[in-house]
Amino acid sequence: MIDISSYDYLRQSASERKPDVAEIRKHFPILERQIEGKPMVYLDNTATSQAPMEVVREIERIYTHSRANVHRGVHTLSQEMTSFQEESRERVREFINADSIEEIVFTRGATESINLVANSFGSFLKEGDEIILTVMEHHANIVPWQLLRDRAGIVIKVVDINSRGELDIENFKSLFTEKTRLASFCHVSNVLGSINPVKEMTSFARSRGVVTLIDGAQAAPHLKIDVKDLDCDFYVFSAHKMYGPSGVGVLYGRKSLLEKMPPWQGGGEMISIVTFPHTTFADLPFKFEAGTPDYIGIAAFSKALEFINDIGLPEIEKHEMTLCRMAEEGLRKIPGIKIYGESPEKGPVISFLLEGAHPYDLGMLLDKQGVEVRTGHHCAMPLMERLGIPGTVRASFAIYNNEEDVARFISATQRAVAILS
Ligand code: PMP
């Protein structure tokens with residue numbers, strides 16, 4: 001049985017500035033799974049990372065001792081559960097260096113956070129108003145704006161990329177007009193891995209009086225996020241990509257903006273007084289949290305943040321990028337393999353293809369060897385169209401991956417390529 005009674009092993013490794021990956025792996029029993037009779041190599045962390053036992057045990061502990069609805073009752077269980085949820089909100093605030101917990105709205109995920117902004121902030125936009133997206137966005141940062149376009153008649157402009165898969169910053173700047181109201185872009189691409197120059201982008205937008213939303217779904221698990229330093233208006237991410245539970249996400253919003261924005265969904269918890277003629281709304285952040293939230297998931301998310309903090313984001317990033325660069329080097333030696341996304345500034349994601357082969361075939365042959373990678377368009381169909389490809393195979397790394405995973409991934413790819421060539 002794994003001893004999860006303390007984080008000592010993490011603290012010790014953090015002080016040595018090198019995470020003890022063998023120890024960390026012990027906290028993720030799922031990594032001991034066999035796939036097709038072979039030890040599993042999990043390289044689909046961009047889609048969802050695995051959760052450590054600290055998170056799993058917290059969920060179990062709450063289900064067995066403290067489950068009760070939040071903000072609803074004077075009874076002990078409800079008060080206890082409310083304090084767990086609100087402590088988690090404070091942890092999230094600290095994690096991204098927001099000014100106040102009023103700026104931290106819990107949602108179901110990055111997708112819901114963006115939909116909230118598109119519906120609520122979006123209600124301020126009028127026909128002819130323009131917003132700027134980029135061609136590398138996930139569908140979660142495209143479709144909510146298209147729905148708004150169809151409702152309100154706004155215009156969507158799209159920033160292009162260069163041949164290395166980096167955002168074309170001059171193109172970004174050139175799209176601003178006096179009608180631009182919002183720019184919404186990812187911090188890190190979930191396909192190319194490119195880290196966008198988000199500070200330069202928010203600062204340019206601010207100089208034009210334009211509101212910014214950063215989709216941090218692929219950044220928050222790997223990079224230190226400081227929303228004050230980024231000077232963005234909104235920042236969104238999902239817990240399940242950060243060693244946390246599924247069904248929990250965060251919308252950071254600048255308080256002065258959130259205060260002006262109307263509620264998106266109505267129901268319990270988001271109100272102050274309800275009468276049939278008129279309803280007044282709760283203070284921030286509850287105005288945006290209608291109904292019963294995933295309070296157990298939210299509470300357990302704080303254990304995931306503790307896990308990340310105790311290792312240290314710089315150490316996590318360094319470890320993951322070392323593996324990612326090793327894997328890229330290995331892939332480049334395999335004839336016929338092409339990597340998409342060659343930015344020197346990237347997150348731990350590799351998208352690649354074998355010339356003449358469909359990504360699904362490569363993905364299936366890797367799965368047969370126990371290697372779990374993602375294949376397809378990765379919810380970025382406009383990017384695939386821009387690249388002129390149907391999809392890619394994508395390998396992505398987390399803190400628990402090790403050099404053996406990279407070696408198994410490369411040899412499995414070599415074998416798959418030999419079969420397909
Ligand atoms: N944005 C990006 C860049 C993503 O990678 C993802 C998830 N793949 C999302 C948004 C949506 O996240 P979720 O499905 O957790 O809402």
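It should be emphasised that the depicted structure is a prediction, and the values quoted were computed from it without experimental measurement. If you read the sequence from its start, that first residue is 1, and numbering goes on from there. Whatever order the structure lists them in is the order used to number ligands and atoms, beginning at 1.
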Give the contacting part of His240 toward ligand 1: side chain, backbone, both or neither, where contact means a heavy-atom distance below 4.0 Å.
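Contact part for His240 vs ligand 1: side chain (C-beta onward).
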
Between Asp215 and ligand 1, find which residue part has any heavy-atom pair under 4.0 Å and reply side chain, backbone, both or neither.
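The side chain, only.
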
Against heavy atoms of [X], which atoms of ligand 1 measure under 4.0 Å?
X      : answer
Ser238 : 12 (O), 13 (P), 15 (O), 16 (O)
Thr111 : 11 (C), 12 (O), 13 (P), 14 (O), 16 (O)
Asn190 : 5 (O)

Can you tell me which residue and heavy atom of the protein come closest to atom 5 (O) of ligand 1, and the distance to 0.1 Å?
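I find the closest protein heavy atom is Gln218 NE2, 2.6 Å.
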
What protein heavy atom lies closest to atom 4 (C) of ligand 1? Include the residue and the distance to one decimal.
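Looking at atom 4 (C) of ligand 1, the protein heavy atom closest to it is His138 CD2, 3.4 Å.
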
Phe234: which of Val227, Leu213, Leu116 passes side-chain contact (heavy atoms from CB on, under 4.5 Å)
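Answer after filtering Val227, Leu213, Leu116: Leu213.
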
Quick one: which of Asn119, Thr111, Val117, Ile114 gives a side-chain contact (heavy atoms from CB on, under 4.5 Å) with Pro144?
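Of the listed options, the one satisfying the test is Ile114.
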
More than 12 heavy atoms of other residues, nucleotides or ligands under 6.0 Å from CZ of Arg93: is that the case?
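Yes, the 6.0 Å shell around CZ holds more than 12 heavy atoms from other groups.
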
Counting only heavy atoms not in Glu127, do more than 12 fall under 6.0 Å of its CD?
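For Glu127, atom CD is not crowded (no more than 12 foreign heavy atoms under 6.0 Å).
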
Please confirm whether Lys241 approaches ligand 1 to less than 4.0 Å, judged on its heavy atoms.
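Lys241 counts as a contact of ligand 1 under the 4.0 Å cut-off.
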
Are His378 and His138 close enough that their ring centers fall under 6.0 Å?
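No: the rings miss the under 6.0 Å criterion.
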
Is the distance from the ring center of Phe176 to that of Phe204 below 6.0 Å?
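Ring-ring flag for Phe176/Phe204: true, centres closer than 6.0 Å.
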
